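For reference, the structure is listed below as structure tokens.
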Amino acid sequence: MTSPTRMIACAAAMAAVLAPGIASARASEELKPAPSDFAEMEACQGLRTKYPELSGKTLTVGLGGYNMGFQQPVDGNPDDLEGLDPDMLDRLGACLGFDYEFQLGAFNVLVTSIMSGRLDIGPSIYVTPARSEQVAFVSSYQVVDGSVVPKGNPKNLQSVDDLCGMTISAAAGTYEATTLAPEQTEKCLAADKPAVDVLLVQNTDNAIMAVQAGRADIHLTSGAVAAGLARADERLEQAFYVDLPIRSGYPIAKENTMLQNAVLDGIKVIQETGVQKLIMDKWGQGGEAQRPAELFN
């Protein structure tokens, strides 16, 4: 059995689904156990018997924009994605018997699209209290935030304490926009300093363009994403990291308990092999952030 098919659907043309290229398939096979190895594992054979509804099914995985280190085009090709999520989903799919396709859309409708059933599952995103009221999460690692600023860090931003009076670019509905910035604003105002301004955008790409264009001073996002963005663009650099008291996980509709339990069981098998830590190291998240797989519903 080959590793699951990875596809991407254009948000403007919902039916346009394209097959993946060879490069990402090779990248996924680099780490062992590879997806094809999971298909043969006795534990996975047992899971396919336990969850027969998934065998041969194609799941739709929603994306709220591309995130470096998590889901990024291979050599600029938007029809072929690589990153932490594809590497994990390849192994989950091989273990549980499903294929999957990515569907690109706006981040601020990602959770509601999962709730309505238009999407089966989302990418790994922050498990926040507000989102947990709407969807379930299968989580397997802790979150560390990073930050991206113009090359040379002209505002000399060294920590969140330096954000008073600064403009953060953030996608609507993200933790940085709804929690981090408001909490820091409270601290700034208490110290008689100006509030943190938030420039709300649709997705990560727009957030980065705002920093490049000088409309925002900084973009805060997952540490892996920030590091990848800085590596990929000579106009940007990484500023500082922020330890966050939250987890990251795959969102699934609360009513879809079968998929929740299947993904939870599949990730447990992946963790037992040790390959999740290797995947996290490979894509810049850091294997030390792994936590035992857990369901939040």
Side-chain angles (χ1 to χ4, degrees), residues 1-8 20-41 43-44 47 59 61 63 66-75 80-96 98-102 121-127 137-146 204 221-229 231-232 241 244 246-252 262-295:
M1 180 177 179
T2 58
S3 57
T5 303
R6 277 189 267 158
M7 310 175 188
I8 180 166
I22 297 173
S24 61
R26 279 203 304 266
S28 184
E29 293 284 346
E30 287 175 359
L31 301 180
K32 298 295 182 180
S36 55
D37 298 323
F38 280 90
E40 305 301 324
M41 289 181 187
C44 291
L47 291 183
L59 300 184
V61 183
L63 290 181
Y66 304 126
N67 286 293
M68 295 289 289
F70 287 89
Q71 334 85 18
Q72 62 199 44
V74 176
D75 297 326
D80 184 16
L81 302 186
E82 64 181 358
L84 186 151
D85 284 342
D87 274 359
M88 287 292 290
L89 288 167
D90 281 353
R91 288 163 175 81
L92 269 176
C95 185
L96 296 169
F98 65 78
D99 288 339
Y100 68 92
E101 61 188 25
F102 284 117
I121 188 172
S124 49
I125 60 175
Y126 298 167
V127 182
F137 283 91
V138 179
S139 171
S140 61
Y141 62 94
Q142 201 75 20
V143 173
V144 176
D145 237 358
T204 300
T221 184
S222 162
V225 174
L229 289 167
R231 285 195 303 268
Y241 287 97
L244 301 181
I246 56 176
R247 298 276 290 266
S248 185
Y250 293 104
I252 302 170
V263 171
L264 177 66
D265 288 346
I267 290 181
K268 286 179 178 178
V269 173
I270 292 173
Q271 288 188 334
E272 288 171 1
T273 69
V275 75
Q276 178 175 322
K277 287 187 175 182
L278 298 178
I279 292 172
M280 293 174 69
D281 283 337
K282 172 184 176 182
W283 296 110
Q285 185 62 35
E288 67 278 0
Q290 177 178 300
R291 300 292 184 271
E294 185 176 356
L295 175 62

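Predicted model, so just to flag it, every value in this text is computed and none were measured.
Counting only residues at least two apart or in different chains, salt bridge (charged side-chain N to carboxylate O under 4.0 Å, His left out) contacts with residues 265-276 comprise Lys50-Asp265.
Under the rule for a side chain to side chain donor-acceptor pair (under 3.5 Å), the partners of Asp145 that lie at least two apart in sequence or sit in another chain are Tyr126. Contacts of Glu294 classified as side chain to side chain contact (heavy atoms under 4.5 Å, CB included), with partners at least two apart in sequence or in another chain: Arg247, Phe296.
Closest heavy-atom contact between Ala43 and Val269: CB-CG2, 4.1 Å. Minimum heavy-atom separation, Leu47 to Cys95: CD1-SG, 3.9 Å. Contact record, Val127 with Ser248: CG2-C, 3.9 Å, taken as the closest heavy-atom pair. The two residues Tyr241 and Gly146 have their closest heavy-atom pair at CD2-CA, 4.0 Å.
Rounding to the nearest 0.5 Å gives a distance of 8.5 Å between CG of Asp85 and CG of Asn67. Note: Ser140 OG to Gln271 CD = 5.5 Å, rounded to the nearest 0.5 Å. Rounding to the nearest 0.5 Å places CG of Leu89 at 8.5 Å from CD1 of Ile270. The line from CD of Glu288 to CD of Gln142 is 11.5 Å long, rounded to the nearest 0.5 Å. Between the CG atom of Leu31 and the NZ atom of Lys277 there is a distance of 14.5 Å, given to the nearest 0.5 Å.
In this structure a side-chain-to-backbone donor-acceptor pair under 3.5 Å is missing from Gln285 to Tyr141. With hydrogens and angles ignored, the 3.5 Å screen pairs no side-chain donor or acceptor of Asp87 with any backbone N or O of Leu84. At distances below 3.5 Å, not a single donor-acceptor pair connects side-chain atoms of Ser124 with backbone N or O atoms of Tyr250. In this structure a side-chain-to-backbone donor-acceptor pair under 3.5 Å is missing from Gln72 to Val225. Checked by atom type and distance alone, the side chain of Arg91 pairs as donor or acceptor with a backbone atom of Pro33 at under 3.5 Å.
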Decide yes or no on side-chain contact (heavy atoms from CB on, under 4.5 Å) for Ile121 and Ile252, but give the supporting numbers first. CA-CA 5 Å; Ile121 188 172; Ile252 302 170; 3.8 Å; yes
Could you go through Val275 and Phe38, starting from their C-alpha distance and side-chain angles, then the distance that decides it, and tell me whether this counts as side-chain contact (heavy atoms from CB on, under 4.5 Å)? CA-CA 11 Å; Val275 75; Phe38 280 90; 3.9 Å; yes
Derivation and outcome, side-chain contact (heavy atoms from CB on, under 4.5 Å), residues Val61 and Gln71: CA-CA 11 Å; Val61 183; Gln71 334 85 18; over 6 Å; no
Is there a side-chain contact (heavy atoms from CB on, under 4.5 Å) between Phe70 and Thr221 once you walk through the steps? CA-CA 12 Å; Phe70 287 89; Thr221 184; over 6 Å; no
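The shortest side-chain heavy-atom distance between Tyr100 and Pro86 falls under the 4.5 Å cut-off. Within the 4.5 Å cutoff, side-chain heavy atoms of Leu81 are placed close to those of Leu63. Side-chain contact between Arg291 and Ser139 is absent, with no heavy-atom pair separated by less than 4.5 Å.
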